[in-house]
Amino acid sequence: MRTKNQAVAVLIALCVFLAPVALATGGAYINTDRALTRDDLPVNGYITFDLELTGYQIQPNYKGEDCVVIDWVFTNLGKEAVSFNEATFVNLYQGGMGEAYRLKPTVLSEYDEVNEDQPLGRMESLPVKTMHLTTSRDQDLRVIVYDLLLDDTDDTVLNVSLHLSETPAPAPLDDPEQIIIALHRHGFLYYSQAGEPDWYGTTTDDERILMGQTLLALFTSLGYDVSAYAPNTFAQALNDRYDQDKSVTIWQTACAELGVPAEMYEEIFYQ
């Protein structure tokens with residue numbers, strides 16, 4: 001997802017950074033205590049990957065709980081194919097350091113097809129995400145990234161602070177390629193063709209709430225702020241709309257509730 005919710009685009013040659021680095025919000029730069037030199041490289045001089053932090057924001061997960069989503073672009077610099085999850089381990093802390101303050105990983109949707117496990121060849125890049133439950137919407141985070149490919153005793157390769165209080169509101173995606181990725185990821189093909197019989201029909205309340213949470217994840221991936229809704233309240237809102245008009249698709253009904261231009265996304269997807 002390419003939601004530029006944070007004006008940060010920092011290219012990080014991860015195996016270079018063995019000293020703590022502060023990531024400044026609101027500007028594309030890194031603040032360090034000194035100039036980096038070749039002495040900062042691992043002892044074997046082997047740079048395994050690059051990682052670009054492109055943005056971060058709070059989004060609801062598949063249960064409607066607040067989570068912090070960090071967008072990265074991962075590039076494999078090694079000779080062997082490797083995935084983001086094989087090469088890195090990401091820890092987030094909030095309110096302090098230590099196990100008691102470590103945030104739990106989560107997912108946006110139960111049906112996510114993630115890029116994090118996709119192996120990449122040498123010099124191949126891929127956008128990836130890390131998602132963790134957050135305990136506060138305005139308390140700073142500490143992000144620590146480890147390189148799992150190094151045999152070094154000190155494999156900490158990135159240590160930054162992220163300021164959630166300075167994270168701006170989401171803005172809709174404007175890149176057609178990224179829009180199509182987001183639509184595919186959260187079941188747009190089904191919702192753009194399914195109608196009122198598929199919403200009511202033989203479905204239960206729980207199944208409609210599950211569809212509501214998937215739709216919220218879809219709109220979130222497109223860059224819309226849907227924080228006013230929980231899955232159950234969104235499902236109820238669609239119930240109410242179908243009581244008035246049964247002739248439109250689930251996608252069109254959801255867009256009408258949120259004020260989203262349904263036809264624009266249909267044209268992008270089906271072109």
Side-chain angles (χ1 to χ4, degrees), residues 1-12 21-30 51-74 84 88 90-95 101-110 112-116 126-145 158 160-175 177-186 213-231 234 258-260 265:
M1 184 177 68
R2 274 287 181 264
T3 309
K4 298 298 185 182
N5 291 336
Q6 187 67 21
V8 177
V10 182
L11 182 63
I12 304 168
V21 178
L23 179 65
T25 60
Y29 63 91
I30 293 177
L51 198 62
E52 180 185 1
L53 195 161
T54 61
Y56 59 94
Q57 61 180 281
I58 295 176
Q59 296 184 20
N61 70 356
Y62 72 102
K63 293 182 177 180
E65 301 166 312
D66 281 348
C67 67
V68 58
V69 180
I70 303 178
D71 291 299
W72 312 85
V73 175
F74 174 76
F84 173 81
T88 71
V90 181
N91 269 338
L92 267 67
Y93 299 89
Q94 191 169 39
Y101 301 98
R102 187 162 67 92
L103 301 184
K104 295 180 180 179
T106 185
V107 293
L108 295 183
S109 168
E110 288 184 301
D112 273 358
E113 295 181 3
V114 299
N115 292 332
E116 289 71 36
L126 193 68
V128 296
K129 298 177 182 294
T130 53
M131 292 156 277
H132 293 77
L133 293 173
T134 179
T135 57
S136 170
R137 282 177 162 260
D138 56 12
Q139 193 171 36
D140 289 357
L141 298 170
R142 173 64 61 176
V143 182
I144 300 179
V145 180
L158 180 65
V160 303
S161 292
L162 301 183
H163 308 292
L164 290 186
S165 60
E166 299 180 19
T167 306
L173 292 176
D174 56 10
D175 181 343
E177 181 179 345
Q178 294 301 318
I179 289 172
I180 290 173
I181 291 173
L183 293 174
H184 269 296
R185 182 172 182 143
H186 295 288
Q213 85 180 20
T214 305
L215 284 163
L216 289 176
L218 169 55
F219 286 110
T220 299
S221 292
L222 291 172
Y224 291 95
D225 183 4
V226 295
S227 58
Y229 293 90
F234 192 62
L258 296 173
V260 172
Y265 291 102

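Atom set for the values below is all heavy atoms of this structure, side chains included, hydrogens, waters and symmetry mates excluded. Computed from a predicted structure; not experimentally measured.
Using a 4.5 Å heavy-atom cutoff, the side chains of L258 and Y229 are in contact. Considering only heavy atoms from C-beta on, L103 comes within 4.5 Å of L141 through its side chain. Here the side chains of L92 and I70 are in contact, with some heavy-atom distance below 4.5 Å. Here the side chains of L183 and L222 are in contact, with some heavy-atom distance below 4.5 Å. Counting only heavy atoms from C-beta outward, the side chains of L218 and Y265 never approach each other to under 4.5 Å. Two residues are said to be in side-chain contact when any heavy atoms from C-beta on lie closer than 4.5 Å; D66 and R137 meet this criterion.
Nearest heavy-atom pair, H132 versus T130, reported as atom, atom and distance to 0.1 Å: CE1-CB, 4.1 Å. When all heavy atoms of A182 and L173 are compared, the closest pair comes out as CB-CD1, 4.3 Å. Taking every heavy atom of both residues into account, M131 and V107 meet most closely at SD-CA, 4.2 Å. A pairwise comparison of heavy atoms in P172 and Y224 identifies CG-CE2, 3.6 Å as the closest pair. For the residue pair P60 and C67, the shortest heavy atom distance occurs at C-SG, 4.3 Å.
The closest donor-acceptor contact from the side chain of Q57 to the backbone of V69 lies at 3.5 Å or more, if one exists at all. Between the Q139 side chain and the Q94 main chain, no donor and acceptor come within less than 3.5 Å of each other.
Here Y93 pairs with nothing under the ring pair (Phe, Tyr, Trp, His ring centres under 6.0 Å) rule; sequence neighbours left out. Taking F74 as the reference, F49, F84 meet the ring pair (Phe, Tyr, Trp, His ring centres under 6.0 Å) condition, with sequence neighbours excluded.
Summarising the geometry, atom CG belonging to N61 is positioned 11.5 Å from atom OG1 belonging to T134; distances are rounded to the nearest 0.5 Å. To the nearest 0.5 Å, atom NZ of residue K104 and atom CD of residue E65 are 9.5 Å apart. To the nearest 0.5 Å, atom CD of residue Q59 and atom OG1 of residue T106 are 11.0 Å apart. Of the inter-residue distances, the one linking N91 atom CG with Y101 atom OH reads 15.5 Å to the nearest 0.5 angstrom.
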